[in-house]
J.: 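The structure that follows is given in the form of structure tokens.
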There are 2 protein chains.
Amino acid sequence: MTTDNHFAQETVPRDDLLLEKFLPYRLSVLSNRVSNAIAQAYGTRFELTIPAWRVMAILGRFPDLSAADLVEQTAMDKVAISRAVSSLFKNDYISRSEDPSDRRRQVLNLTELGREVYERIVPLAQQYENDLMSSLSPEERQQLDSIIEKLMGRAQAWAERGLID
Amino acid sequence: MTTDNHFAQETVPRDDLLLEKFLPYRLSVLSNRVSNAIAQAYGTRFELTIPAWRVMAILGRFPDLSAADLVEQTAMDKVAISRAVSSLFKNDYISRSEDPSDRRRQVLNLTELGREVYERIVPLAQQYENDLMSSLSPEERQQLDSIIEKLMGRAQAWAERGLID
DNA sequence: TAAAATTGGTTTCAAATGTAACCACTGCAG
DNA sequence: CTGCAGTGGTTACATTTGAAACCAATTTTA
């Protein structure tokens with residue numbers, strides 16, 4: 001017990017868990033709703049999965065990255081990146097070119113086709129985001145930004161230092 | 001185009017998507033980090049998956065629900081509920097009793113064992129939540145609550161009224 | 001009161017995902 | 001140089017997940 005509870009555990013009136021107020025639960029529901037909606041928008045229009053779209057989003061801004069760089073940037077799994085990359089390659093959305101200075105490494109870039117799709121998706125993505133944000137006041141947006149940052153820090157700490165207790 | 005943009009689309013300086021600032025992305029990363037950490041805590045201690053734990057959380061507060069009721073309460077998938085229920089049943093954490101007034105329906109409840117586990121997990125769950133919340137000031141908690149509510153409303157609207165555009 | 005349509009719940013099948021093993025290459029220690 | 005630890009990336013396999021088909025019981029409706 002990390003909190004200093006002055007009451008004996010057993011006799012304290014048991015306050016049940018209100019799932020609908022439980023932050024991890026709410027985050028999960030919210031995130032799933034949002035992701036699913038957007039995934040559907042990408043998917044039906046461009047046959048892109050979310051990981052694939054993320055890869056494109058990064059490559060659109062930072063050319064000449066390797067898969068490993070992408071892993072670092074996105075915090076996504078190695079394998080997920082590999083699969084996304086090879087599917088994007090198959091669709092001719094990105095190019096892989098061998099790095100002469102390290103023949104294990106592949107330098108990735110959007111192809112012309114890839115960039116076209118990218119240019120079309122960015123506004124779509126921003127539209128979704130704007131739509132979400134439009135329900136918030138400027139102050140709230142600011143607050144949300146900083147709150148997410150803090151929560152992320154805490155959750156990150158779990159992963160690094162191990163779980164609570 | 002729903003916003004009134006006074007500039008010609010093509011000539012506006014293209015502002016790329018900053019994935020690390022893109023709300024849907026950040027929500028997803030945050031939610032996954034949190035869920036995974038907690039899932040691990042439940043899983044290693046009680047062999048509970050997240051859906052299973054959610055079912056218990058609801059049943060702990062509202063006895064005598066059916067699977068369909070759970071679907072409604074949690075917004076989880078029918079199949080996920082079915083699987084969680086049958087695994088919980090197998091572990092003797094919940095009981096299924098046939099509803100005489102409708103023989104398709106099964107009335108679910110925590111068993112004694114189930115309730116014991118429930119009573120032990122609730123504090124654990126709350127500890128995680130407290131730990132997250134401890135990084136926020138009281139005002140921020142309040143803000144977060146209302147912000148989530150608003151975002152949820154917007155995302156909900158997508159599901160109901162169909163996607164943007 | 002006999003179809004037809006609905007509802008509660010499970011099963012089946014395919015696709016998505018994660019873990020671990022794996023190859024190919026690099027770089028460094030001896 | 002050779003050996004071998006570490007890195008970039010893919011493959012294989014087991015597990016999870018979701019969609020749709022499905023069965024059984026119930027309600028509707030004609």
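Residue numbering restarts at 1 for every chain, and letters A, B, ... go by the order of the sequence lines. This is a predicted model, so every value here is computed, not measured. Just so you know, these numbers use all the heavy atoms, side chains as well, and skip hydrogens, waters and symmetry mates.
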J.: Test salt bridge (charged side-chain N to carboxylate O under 4.0 Å, His left out) on A:Asp69 and A:Arg105; report intermediate values, then the result.
T.: CA-CA 10 Å; A:Asp69 297 333; A:Arg105 204 159 182 283; 3.0 Å; yes
J.: Calculate the interatomic distance between A:Leu48 atom CG and C:dA16 atom C1'; express it in whole Å.
T.: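 Roughly 16 Å, once rounded to whole Å.
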J.: Output the rounded distance in Å from CD1 (B:Ile81) to C1' (D:dG18).
T.: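 Whole-Å distance recorded here is 14 Å.
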J.: OP1 or OP2 of C:dT10 less than 4.0 angstrom from a side-chain nitrogen or oxygen of B:Ser82, does that happen here?
T.: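 For B:Ser82, the contact criterion (side-chain N or O under 4.0 Å from OP1 or OP2 of C:dT10) is met.
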J.: Would you please confirm or rule out a distance under 4.0 Å between OP1 or OP2 of C:dA16 and any side-chain N or O of A:Thr49?
T.: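 A:Thr49 to C:dA16 OP1/OP2: no side-chain N or O under 4.0 Å.
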J.: Let me spell it out: for each of B:Val85 and A:Asp102, pick the nucleotide of DNA chain C with the closest heavy atom. Which residue's pick is nearer the 5' end?
T.: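 Residue closer to the 5' terminus by nearest nucleotide: B:Val85.
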J.: Looking at B:Asp99 and B:Arg104, does any basic side-chain N land under 4.0 Å from a carboxylate oxygen?
T.: no
J.: Quick one: A:Asp99 CG to C:dG27 P, roughly how many Å, whole number?
T.: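 A:Asp99 atom CG is separated from C:dG27 atom P by 10 Å.
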J.: Round to the nearest Å and state the distance from B:Glu98 atom CD to D:dT26 atom P.
T.: 9 Å
J.: Does the pair B:Arg115/B:Glu119 count as a salt bridge with the N-to-O cut at 4.0 Å?
T.: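 Between B:Glu119 and B:Arg115 there is a salt bridge, with a charged N closer than 4.0 Å to a carboxylate O.
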J.: For the side chain of A:Arg104, starting at C-beta, report the closest nucleotide among D:dG9, D:dT26, D:dG6.
T.: D:dG6
J.: Just to confirm, is there a sub-4.0 Å distance from OP1 or OP2 of D:dG8 to any side-chain nitrogen or oxygen of A:Arg96?
T.: no
J.: Using the side-chain heavy atoms of A:Val79, tell me which of these nucleotides is nearest: D:dG8, D:dT11, C:dT10.
T.: D:dT11
J.: Separation of A:Glu72 atom CD from D:dG8 atom C1', in whole Å?
T.: 13 Å
J.: Would you indicate which nucleotide in D:dT26, D:dG8, C:dT10 comes nearest to any side-chain atom of A:Lys78?
T.: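 Side chain of A:Lys78 sits closest to D:dG8.
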J.: Check whether any side-chain N or O of B:Ser66 sits under 4.0 Å from OP1 or OP2 of C:dG9, and answer yes or no.
T.: yes
J.: Do B:Arg61 and A:Glu20 sit within salt-bridge range, that is, some charged N less than 4.0 Å from a carboxylate O?
T.: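 Yes, B:Arg61 and A:Glu20 are salt-bridged.
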J.: Take atom CE of B:Met76 and atom P of C:dG9, then tell me their distance rounded to the nearest Å.
T.: 14 Å
J.: Take the protein atom CD of A:Glu47 and the nucleotide atom C1' of C:dA15, then report the distance between them rounded to whole Å.
T.: 14 Å
J.: With distance as the sole criterion, do the side chain of B:Arg83 and the base of D:dG18 form a donor-acceptor contact below 3.5 Å?
T.: yes
J.: Please pick, from D:dG9, C:dG9, D:dA19, the nucleotide with the shortest atom-to-atom distance to any side-chain atom of A:Arg105.
T.: D:dG9
J.: Please state how far atom CD in A:Gln106 lies from atom C1' in C:dC23, giving the value in whole angstrom units.
T.: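 Rounded to whole Å, this separation is 14 Å.
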J.: Start with the C-alpha distance between A:Ser35 and A:Asn32, add both sets of side-chain angles, then the distance that settles side chain to side chain donor-acceptor pair (under 3.5 Å), and finish with yes or no.
T.: CA-CA 5 Å; A:Ser35 292; A:Asn32 285 339; 5.7 Å; no
